[in-house]
Amino acid sequence: MQRIKVREITGLDTLAGKSGGARDFPKFMAAVEDSPEGCTVLLDWSGVEIATASYFGATFVPLLRLTMTGDLDRYLVLTGLNQTCLDELKLALEVPGLVALLGDCSKNGTIKSVLLFGKLESVYIEAFAEVQRAKGVSASELHTRQDRSRNRIGKTGWINRLSSLHRLRLVRKQKIGRRFVFRSVNEES
Amino acid sequence: MNSSQEKRTLSSSEGQRVLRIADVEHFQWSLFEADTPGAFSANGSGLSLAAAVELASIETHLSSAVSDMRASIRVPNCSIWSLLKASGWPTHRGCVELRDGGFTVLVLPTDAYDSWWTERLHQLLYELRQNGFPARLARGLTGAVAEMVDNIWQHAETADPGLLVYQIRRRRFAFSVADNGVGVLASLRKNPRYKWLDSSMEAIGYAIKPGVSSCGGGGMGFPSLLHALADLWGKARLRSGEASLTFDRTQEERRKDYSYLPFLPGLHVSVRCALDAPPAQG
């Protein structure tokens with residue numbers, strides 16, 4: 001995991017506007033590209049008093065899009081945002097319909113758990129929760145494990161859900177033998 | 001102004017009453033309908049913050065559009081107007097801060113790269129907190145002001161600098177961010193998706209929606225502003241071209257009022273808000 005302190009790379013605690021975002025995007029990009037491919041990048045916003053929706057829209061949102069298209073092989077997790085910044089981030093994610101990960105960090109700086117932030121259909125939220133619980137699980141394991149009394153989801157259904165979550169860079173995907181295992185982004189192999 | 005020319009005068013009829021936006025709108029209509037030189041005078045305690053900035057813009061527009069049809073605007077004993085009038089509409093961009101009578105007038109820099117501007121935002125945040133605004137609201141309001149200023153840098157397309165005027169009192173905040181640029185309609189029409197817009201009224205109605213912008217990836221400024229004001233009492237006014245849109249939350253029921261007005265260049269965003277509900281009428 002790589003931690004990037006936004007306050008340090010930007011040198012500011014007030015981050016506003018699309019202009020400010022355009023100014024700082026190269027700094028974010030350079031810092032993220034410095035981390036190894038495939039790793040989880042923790043964007044730490046501690047010490048940032050103000051970050052507006054336009055600023056997120058010009059910095060974090062394009063980074064997230066790059067990860068989703070596969071042009072940037074990283075998993076982004078946000079932490080240290082105050083309530084005002086969270087409100088603004090929510091606005092920034094709502095328009096393009098994106099979902100981000102918020103990390104709950106321990107005192108030594110490691111990510112204890114991750115939460116979804118943004119709108120996601122309930123079936124994906126359920127699949128995400130299964131991955132967080134299982135600490136490494138395949139679609140066929142989820143298929144066989146599910147409660148037989150409820151409406152069962154087919155194996156293809158689980159594959160589609162997990163693959164979509166990976167495409168959104170919300171879970172990791174790893175090929176082990178002939179099967180794909182999905183795990184939380186805070187579990188780096 | 002030639003004294004032999006006919007004047008249309010609008011002045012405060014109630015002595016010391018502060019002239020407000022409605023008076024400025026009336027004045028602008030009188031200019032528009034009469035097509036003759038006009039005079040605006042405030043005899044009493046001056047103008048409201050938003051009214052002062054809109055008047056400055058009207059004067060600038062009239063003087064540049066028709067040289068022989070200058071509007072004479074006199075507002076004695078009103079420091080904010082004196083400042084704006086004395087500077088015309090400031091011709092030099094950036095980094096001027098004037099404080100007088102509880103008002104802060106900032107002539108804005110050219111872009112966000114300016115450390116002076118960052119310091120001013122810190123100052124604004126500090127002042128809001130000192131005046132009773134909880135941290136979350138103070139941050140939201142400061143961010144909203146920054147967004148409105150950024151709109152000028154992004155969309156105004158003018159050599160004239162933008163202005164930020166604000167006043168903070170205990171648990172109350174008023175600000176106006178204004179430019180003499182191309183306005184909301186011309187700006188939005190640059191985006192092929194909104195090329196069909198043909199009135200300022202439609203343009204303002206669209207501009208407040210999340211994601212609507214003259215260029216891709218923007219359109220978050222007004223939603224940020226409205227979000228910051230969501231828990232506060234007061235009014236927000238957007239004025240551009242022939243339109244104004246007012247969000248009124250001076251009563252429990254929120255209202256959104258559109259009105260057609262004579263042309264005003266650029267975009268003016270004026271907000272008057274408070275933590276406490278206004279006292280009940282009657």
Side-chain angles (χ1 to χ4, degrees), chain A residues 6-29 45-66 68-69 80-98 100 118-119, chain B residues 108-115 117-126 128-129 133-156 162 177 208-231:
Chain A
V6 175
R7 176 76 179 78
E8 284 179 12
I9 61 163
T10 59
L12 295 167
D13 62 359
T14 305
L15 304 169
K18 193 176 174 184
S19 308
R23 172 198 62 205
D24 291 341
F25 178 72
K27 299 171 189 170
F28 278 84
M29 192 66 195
W45 297 74
S46 307
V48 173
E49 284 268 346
I50 296 166
T52 64
S54 297
Y55 187 87
F56 283 117
T59 52
F60 176 67
V61 168
L63 279 178
L64 191 59
R65 283 188 190 282
L66 285 171
M68 287 163 55
T69 56
L81 292 153
N82 63 37
Q83 189 55 52
T84 317
C85 294
L86 282 173
D87 292 344
E88 295 287 320
L89 175 64
K90 190 175 171 197
L91 276 175
L93 295 174
E94 258 172 14
V95 173
L98 298 174
K119 283 186 184 161
Chain B
L108 297 166
T110 51
D111 54 44
Y113 292 70
D114 206 296
S115 59
W117 172 235
T118 306
E119 283 165 28
R120 298 283 80 71
L121 285 176
H122 283 151
Q123 179 64 27
L124 174 58
L125 180 61
Y126 174 77
L128 285 167
R129 283 189 182 170
F133 283 82
R136 186 178 70 84
L137 291 174
R139 288 191 201 112
L141 287 168
T142 306
V145 168
E147 286 290 315
M148 295 303 101
V149 169
D150 194 59
N151 268 349
I152 299 177
W153 295 328
Q154 290 284 321
H155 307 294
V177 177
I208 57 172
K209 294 180 181 174
V212 175
S213 176
S214 64
C215 46
M220 300 291 169
F222 290 126
S224 280
L225 171 70
L226 298 177
H227 183 78
L229 297 174
D231 294 334

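Reminder, nothing fancy here: chain letters follow the sequence lines and each chain counts from 1. Computation of the quantities below employed the complete heavy-atom set of this structure, encompassing side-chain atoms and omitting hydrogens, waters and symmetry-equivalent molecules. These numbers come from a predicted model, not from an experiment.
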note = So CG of Leu121(B) and CG of Leu15(A): to nearest 0.5 Å the spacing works out to 10.5 Å
request  = Please report the shortest heavy-atom distance between Lys18(A) and Gly218(B), naming the atom on each side.
outcome  = NZ-N, 4.1 Å
remark   = For Leu125(B) and Glu49(A) the tightest heavy-atom approach is CD2-OE1, 3.6 Å
remark   = In this structure, OG1 of Thr14(A) is separated from CD of Glu119(B) (nearest 0.5 Å) by 11.0 Å
task = Mind listing the closest non-hydrogen atom pair of Ala53(A) and Met220(B) along with its distance?
result = CB-CB, 3.7 Å
key: Residue among Pro210(B), Ser224(B), Gly211(B), Gly143(B) with most heavy-atom pairs under 4.5 Å to chain A   = Ser224(B)
ask   = How long is the span from the CG atom in Leu124(B) to the CD1 atom in Ile50(A), to the nearest 0.5 Å?
value = 8.0 Å
query = So which heavy atom on Gln154(B) is nearest to which on Ser19(A), and how close?
reply = NE2-OG, 2.8 Å
key: Minimum heavy-atom distance Ala146(B)-Ala16(A), with the two atoms named   = CB-CB, 3.4 Å
ask   = Heavy atoms under 4.5 Å from chain B: which residues of residues 87-95 of chain A carry them?
value = Asp87(A), Glu88(A), Leu91(A), Ala92(A), Val95(A)
